[in-house]
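Report on the structure given below.
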Amino acid sequence: MPSIDAHVHVFTKVSPEFPREVTSICPAEREEPAEKLLGVMEKHQIDQAVLVQIGGASIEHHSYLLHCLKSYPDRFLGIGLVPHDHPQPAEHMAELADGTGIIGFRLFELGGPRDIFATKDVQEFKTYPIWKCAAEKDYVLWLYPRSIDAHLLPYLVQAFPQVRVVLNHLGMTPGKGKFTLDELGRPQIQVSGYNLNMHTTYRMARFENVTVHLSGQYAFSREAYPYQNLAGWHGNLLNDFGIKRLMWATDFPWILEEPGYGELTTIIEKLLPNLSESELADIMGGNAKRFLRFPNRNA
Amino acid sequence: MIRPTPTQKTQWEQEGYLVFENAIQGDQLKRLQSVFDYWAAECKEEWLDRVEAGEAAATFYDIPSPLEKDPIFIDLIDHPSYYGALMEFTDDDLILLGPQVRTVAPWPVSYTGWHPDVGQSNPLHIKVQIYVNDVPAGSGEFGFVPRSHKPNSGPYKRPLLQESMPGHKTFPGKAGTAIMFNSCGWHTSMDNASDVPRKSIILIYEKRTPGRIGPEQFAAISEYCTTPERRKLFSLAD
């Protein structure tokens, strides 16, 4: 069974060949190329990875992602972005995903009413066309919704039960104003001690096409690796979603310096110490291979 | 004080729950509904802001510090409809841990799965859930697994679907119904497929243990606690 890192980012310096947006987390001169990722993967016997677009949502911003997918077709699958308020999201999605290795799209907003008590019509949600396209084209939706959008999720999953959904980073839903960068340039998300997502994203467990990443621990924990204070969250996710719907990921490159890629390859066995060998293998790659339909790696 | 009947005592011991129909009724119920709705509306926007900030769950909210907002909430704590049973089951050594004056939004999935609140080693932990509006079947009614409070019961595992819990019983009821249960038992809120929010008040009690609740916890309502019994219930200084 392959080991698959189910959520990483790669990017180059800004260039005419590979244009991208410049942000505080991705300054113009920083680069974290695919070859660097492949180097640490090789070192730690990780076979494949999901490259998640960073640096902009336009077609040209995806140039480097598409380049990597084309260069290493048996190593990577890709997740793209859709521009906010794109008038024809289905066209954008099809252009990016047509034979390229991009298998799905990441969403941060779901575009429904803010008021949890308001009457919901999913066809009025701004992301409805994206979900409809995903259902028609069999794209995966990669979700890291804001706290205020978490309540919208079951309406969309109910409307499109065939769409494969991956909840990013422990199913967390960051609050407004709670995102910062730490001294190492890593995302930090301030969360409450009581896991509020027990009442929202964790409740999505009843929908069989919803899976969850076991990743991003460094961003939510105030403790050092292996982030033992999050062991309970992992246990709850295991209990609710079951062994076949959890996927390990590192969130490369943010973890390279602290705690290090190698440490993250053993985090699951530290936070879920009672797993059998085959259960661990499922989380470390078997589930991603099946759910995301990874190709076999060339010899 | 109305003590439980032998039948009620047996049911409590064996099944882990009791239902008090019409526990709150008449003008008191009307006033409770009015006060509940007023404060729920007053507090809703602040709750939504907290949801947006990632500081509150998005599927239900509680009116903050309800005992300080209206004395009717204080009167529910030692309401004669069920207070005698609470005292009986705790050997007349009852303390309040806190109230949750809760509005649960209609949602395709229940806001919580099946769970016990405490383990067997915890001092007797009792909750009383009072329906403020009518809660028919399929609209977020309370669910409980009878006998699951007993040490030799189970093991239980949270099912994906609320209705798949083996041996469970659901408790649809009219406004004013109070359901008392041993929180060691597995319980939940069933799915709410209606378009009506579930409004209820959950009162949390425990058999007294030293230092569990300090005298400052409910000091803000001290003026409403003039009898020795009430001061003891609210862990206030004599």
Side-chain angles (χ1 to χ4, degrees), chain A residues 109-110 112-122 144-159 161 172-179 189-208 210 220 235-242 244-245, chain B residues 37 40-62 98 100 102-117 133 139-140 154-165 186 188-199:
Chain A
E109 298 179 9
L110 298 176
R114 176 179 186 271
D115 184 352
I116 284 97
F117 289 86
T119 302
K120 314 286 194 309
D121 177 356
V122 289
Y144 196 28
R146 310 170 304 172
S147 287
I148 196 64
D149 279 0
H151 69 103
L152 303 170
L153 192 50
Y155 297 98
L156 288 157
V157 174
Q158 271 190 328
M172 297 302 287
T173 55
K176 185 178 181 181
K178 297 296 194 291
F179 179 94
I189 313 291
Q190 186 185 334
V191 296
S192 60
Y194 178 73
N195 187 348
L196 301 167
N197 295 285
M198 299 278 288
H199 301 293
T200 53
T201 49
Y202 285 30
R203 304 298 299 143
M204 298 300 97
R206 74 163 54 174
F207 301 107
E208 63 183 17
V210 179
F220 308 115
N236 288 333
L237 286 168
L238 176 62
N239 185 60
D240 287 353
F241 285 84
K244 297 290 186 184
R245 291 197 283 155
Chain B
D37 288 346
E42 283 286 306
C43 299
K44 184 180 164 188
E45 274 308 310
E46 184 190 351
W47 164 63
L48 286 172
D49 289 344
R50 295 186 64 233
V51 171
E52 188 160 29
E55 297 166 356
T59 41
F60 68 93
Y61 72 105
D62 295 337
Q100 295 168 330
R102 178 161 295 179
T103 305
V104 180
W107 208 48
V109 187
S110 171
Y111 77 103
T112 188
W114 287 95
H115 65 282
D117 289 326
N133 56 344
S139 57
Y156 298 96
K157 187 179 188 310
R158 181 155 60 225
L160 289 182
L161 302 177
Q162 302 291 77
E163 61 270 28
S164 298
M165 188 66 170
W186 284 66
T188 195
S189 165
M190 302 302 287
D191 293 345
N192 184 355
S194 77
D195 55 3
V196 180
R198 190 202 75 189
K199 303 172 190 173

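Here is how names work: the chains are called A, B, and so on, in the same order as the sequence lines, proteins then strands, and each is numbered from 1. Because only heavy atoms are used, hydrogens play no part in the values below, and waters and symmetry mates are left out as well, while side chains stay in.
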* **Residue of the set A:Val191, A:Asn197, A:Leu196 for which side chain to side chain contact (heavy atoms under 4.5 Å, CB included) holds with A:Tyr194** => A:Leu196

* **Option that, when pairs with chain A are counted at under 4.5 Å, heavy atom only, ranks first among B:Lys44, B:Glu45, B:Arg50** => B:Lys44

* To do: Determine the option with the most heavy-atom pairs under 4.5 angstrom with chain B, choosing from A:Asp240, A:Thr119, A:Asn195.
  => A:Asp240

* **Which of A:Arg203, A:Glu208, A:Lys176 touches chain B most, by non-hydrogen pairs under 4.5 Å** => A:Arg203

* For A:Asp149, is it the side chain, the backbone, both, or neither that has a heavy atom closer than 4.5 Å to a heavy atom of chain B? -> neither

* Under a 4.0 Å N-O cut-off, is there an ion pair linking A:Lys120 with A:Asp115? -> no

* side chain to side chain contact (heavy atoms under 4.5 Å, CB included) with B:Glu42: which residues, sequence neighbours excluded? -> B:Tyr38, B:Trp39

* To do: Count the heavy-atom pairs under 4.5 Å between each of B:Thr59, B:Thr103, B:Asp195, B:Val109 and chain A, then report the option with the highest count.
  => B:Val109

* chain A: which of B:Pro159, B:Pro197, B:Ser110, B:Pro106 shares the most heavy-atom pairs with it under 4.5 Å? -> B:Ser110

* **Enclosure of B:Glu163 CD (heavy-atom neighbours >12, cutoff 6.0 Å)** => yes

* Structure fact -> Per side-chain hydrogen bond (donor to acceptor under 3.5 Å, both in side chains), B:Gln162 is matched among B:Thr112, B:Asp191, B:Thr188 by B:Thr188

* **Under 4.5 Å from a heavy atom of chain B, the part of A:Phe207 involved** => side chain

* Any side-chain heavy-atom pair from B:Arg198 and B:Tyr111 closer than 4.5 angstrom? -> yes

* Asked: Which of parallel (below 30°), tilted (30 to 60°) and perpendicular (above 60°) describes B:Trp47 and A:Phe117?
  -> perpendicular

* Asked: Is it the side chain or the backbone of A:Arg146 that comes within 4.5 Å of chain B heavy atoms, both, or neither?
  -> neither

* Where does A:Met172 contact chain B at under 4.5 Å (heavy atoms): side chain, backbone, both or neither? -> neither

